[in-house]
**Q** 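Okay, handing you the structure first.
Nothing here was measured: the structure is a model prediction, and the numbers come from that model.
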Amino acid sequence: MAEANLDPVFQIQRVYLKDVSLEQPNSPDILLNQEQPGVDIQLGVGATPVAEGMFEVTVTATVHTKIADKTVFLVEAKQAGIFEIRNVQTDQLGAILGIACPQIVYPYLRSNVADVIQRGGFPPVHMAEINFQAMYEQQQTEAAAAAQTPPQIIV
């Protein structure tokens with residue numbers, strides 16, 4: 001009788017661009033404006049089980065540039081990866097999904113966002129490196145604080 005292999009498994013199955021959009025709602029008029037636009041970048045991380053021991057991890061970015069109150073361009077992108085993760089402790093799984101997997105997926109997202117912006121006729125926006133460990137730890141701290149805060153009753 002063969003013994004089950006209980007060695008930890010962490011393998012990348014696939015990395016792919018799940019969704020991307022570019023909007024230029026005020027073109028061409030806004031393109032004639034010589035002011036430097038403001039840039040706002042928002043990031044998010046998500047993880048979903050897709051099969052036994054298989055997880056999809058997504059990193060999303062929203063890049064919104066504006067001059068005054070008018071949008072120059074808006075890019076929304078979601079980069080994903082499918083990871084096989086087996087035989088790891090439950091308390092370690094969250095860190096793997098929240099730190100290790102996004103660190104693998106994020107460089108692809110950065111490249112795709114810069115490429116889409118450049119193909120839209122703009123200088124590429126180079127998103128900064130992200131410390132996913134610090135981001136994960138902050139989310140865990142916030143979740144723990146929210147769990148300890150009694151719900152507010154509004155009368």
Side-chain angles (χ1 to χ4, degrees), residues 2-27 30-31 36-67 70-149:
E3 290 183 26
N5 183 358
L6 298 178
D7 290 339
V9 173
F10 178 80
Q11 292 184 351
I12 304 166
Q13 298 297 317
R14 178 166 297 202
V15 175
Y16 56 98
L17 182 61
K18 186 165 184 156
D19 188 23
V20 66
S21 70
L22 168 67
E23 298 174 26
Q24 297 182 45
N26 295 300
S27 294
I30 195 79
L31 300 175
Q36 190 69 17
V39 179
D40 178 44
I41 300 173
Q42 301 293 318
L43 291 174
V45 175
T48 308
V50 293
E52 180 66 33
M54 304 289 275
F55 299 86
E56 179 189 56
V57 174
T58 58
V59 181
T60 58
T62 302
V63 180
H64 193 184
T65 60
K66 291 172 122 182
I67 295 176
K70 290 194 171 194
T71 296
V72 178
F73 66 82
L74 173 66
V75 172
E76 296 174 313
K78 182 182 286 189
Q79 189 78 37
I82 298 175
F83 297 88
E84 179 180 6
I85 306 169
R86 300 182 189 277
N87 305 323
V88 298
Q89 307 250 341
T90 305
D91 61 334
Q92 294 176 331
L93 182 60
I96 293 170
L97 293 172
I99 300 169
C101 295
Q103 284 176 329
I104 293 168
V105 171
Y106 183 67
Y108 294 94
L109 176 69
R110 287 179 67 206
S111 176
N112 284 326
V113 167
D115 185 53
V116 165
I117 292 169
Q118 193 168 12
R119 288 178 185 270
F122 302 98
V125 172
H126 296 289
M127 297 187 315
E129 290 292 328
I130 300 296
N131 181 339
F132 284 100
Q133 181 169 351
M135 187 176 179
Y136 177 78
E137 289 171 358
Q138 178 182 353
Q139 289 171 341
Q140 296 298 20
T141 301
E142 289 171 1
Q148 293 176 355
T149 304

**Q** Mark yes or no for whether S111, through its side chain, and P107, through its backbone, hold a donor-acceptor pair below 3.5 Å.
**A**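 No, the answer is negative, given that no donor and acceptor are paired below the 3.5 Å cut-off.
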**Q** Run the side chain to side chain contact (heavy atoms under 4.5 Å, CB included) check on V20 and N112 step by step: do they pass?
**A** CA-CA 9 Å; V20 66; N112 284 326; over 6 Å; no
**Q** Take T58 and V105, measure what side chain to side chain contact (heavy atoms under 4.5 Å, CB included) needs, and give me the verdict at the end.
**A** CA-CA 8 Å; T58 58; V105 171; over 6 Å; no
**Q** I'd like to check F122 versus T65 (side-chain heavy atoms, cut-off strictly below 4.5 Å). Are they in contact?
**A**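 SC-SC contact between F122 and T65 ruled out.
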**Q** Please round to the nearest 0.5 Å and tell me the distance separating atom CD1 of I85 and atom CG of L93.
**A**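 It is 5.5 Å, given to the nearest 0.5 Å.
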**Q** Heavy-atom distance under 4.5 Å between the side chains of Y108 and L17, does that happen here?
**A**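 No, every pair of side-chain atoms sits at 4.5 Å or beyond.
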**Q** What are the two closest non-hydrogen atoms of V72 and I30, and how far apart are they?
**A**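 What the structure gives for the nearest pair is CG2-CG1, 3.9 Å.
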**Q** Can you confirm whether M135 sits close enough to V45 that some side-chain heavy atom of one is under 4.5 Å from a side-chain heavy atom of the other?
**A**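 A side-chain contact under 4.5 Å exists here.
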**Q** Side chains of Q133 and Q103, heavy atoms from C-beta outward: is any pair under 4.5 Å?
**A**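 They are not in contact (no side-chain heavy atoms under 4.5 Å apart), so the answer is no.
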**Q** What is the distance from atom CG of L31 to atom CG of N26, rounded to the nearest 0.5 Å?
**A**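 CG of N26 is found 9.5 Å from CG of L31.
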**Q** For the atom pair CD1 (I82) and CE (M54), what is the distance rounded to the nearest 0.5 Å?
**A**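 Spacing of CD1 (I82) from CE (M54) equals 6.5 Å.
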**Q** Can you find a pair of side-chain heavy atoms, one from V113 and one from V125, that are under 4.5 Å apart?
**A**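 The answer is no; the side chains never approach within 4.5 Å.
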**Q** If you define the side chain from C-beta out and look only at heavy atoms, does anything of D115 sit under 4.5 Å from P124?
**A**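 They are not in contact (no side-chain heavy atoms under 4.5 Å apart), so the answer is no.
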**Q** Are the side chains of E76 and D19 in touch, meaning some heavy atoms are under 4.5 Å apart?
**A**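 No, every pair of side-chain atoms sits at 4.5 Å or beyond.
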**Q** Please test Y106 against L43 for side chain to side chain contact (heavy atoms under 4.5 Å, CB included), starting from the C-alpha separation and ending with a verdict.
**A** CA-CA 10 Å; Y106 183 67; L43 291 174; 4.1 Å; yes
**Q** Of all the heavy-atom pairs spanning C101 and F10, show the shortest one and how long it is.
**A**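 So the minimum-distance heavy-atom pair works out to SG-CE1, 3.7 Å.
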**Q** Given E52 and R86, is the side chain to side chain contact (heavy atoms under 4.5 Å, CB included) satisfied, shown in steps?
**A** CA-CA 9 Å; E52 180 66 33; R86 300 182 189 277; 3.9 Å; yes
**Q** Check whether more than 12 heavy atoms from other residues, nucleotides or ligands sit under 6.0 Å from atom CD of E142, and answer yes or no.
**A**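 Atom CD in E142 is crowded, with more than 12 foreign heavy atoms closer than 6.0 Å.
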**Q** Side-chain contact, heavy-atom cut-off 4.5 Å: K66 with D40?
**A**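 Sidechains of D40 and K66: no contact.
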**Q** Please give me the minimum heavy-atom distance between Q24 and G120, naming the atom from each residue.
**A**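 The pair with the smallest heavy-atom distance is NE2-O, 3.2 Å.
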**Q** For the side-chain contact (heavy atoms from CB on, under 4.5 Å) test, which of V57, V9, V50, I96 pairs with F83?
**A**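 Of all the options given, the one that passes is V57.
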**Q** Taking side chain to side chain donor-acceptor pair (under 3.5 Å) as the test, write out the residues that go with K18, two or more places apart.
**A**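 Per chain and number, K18 pairs via side chain to side chain donor-acceptor pair (under 3.5 Å) with E56.
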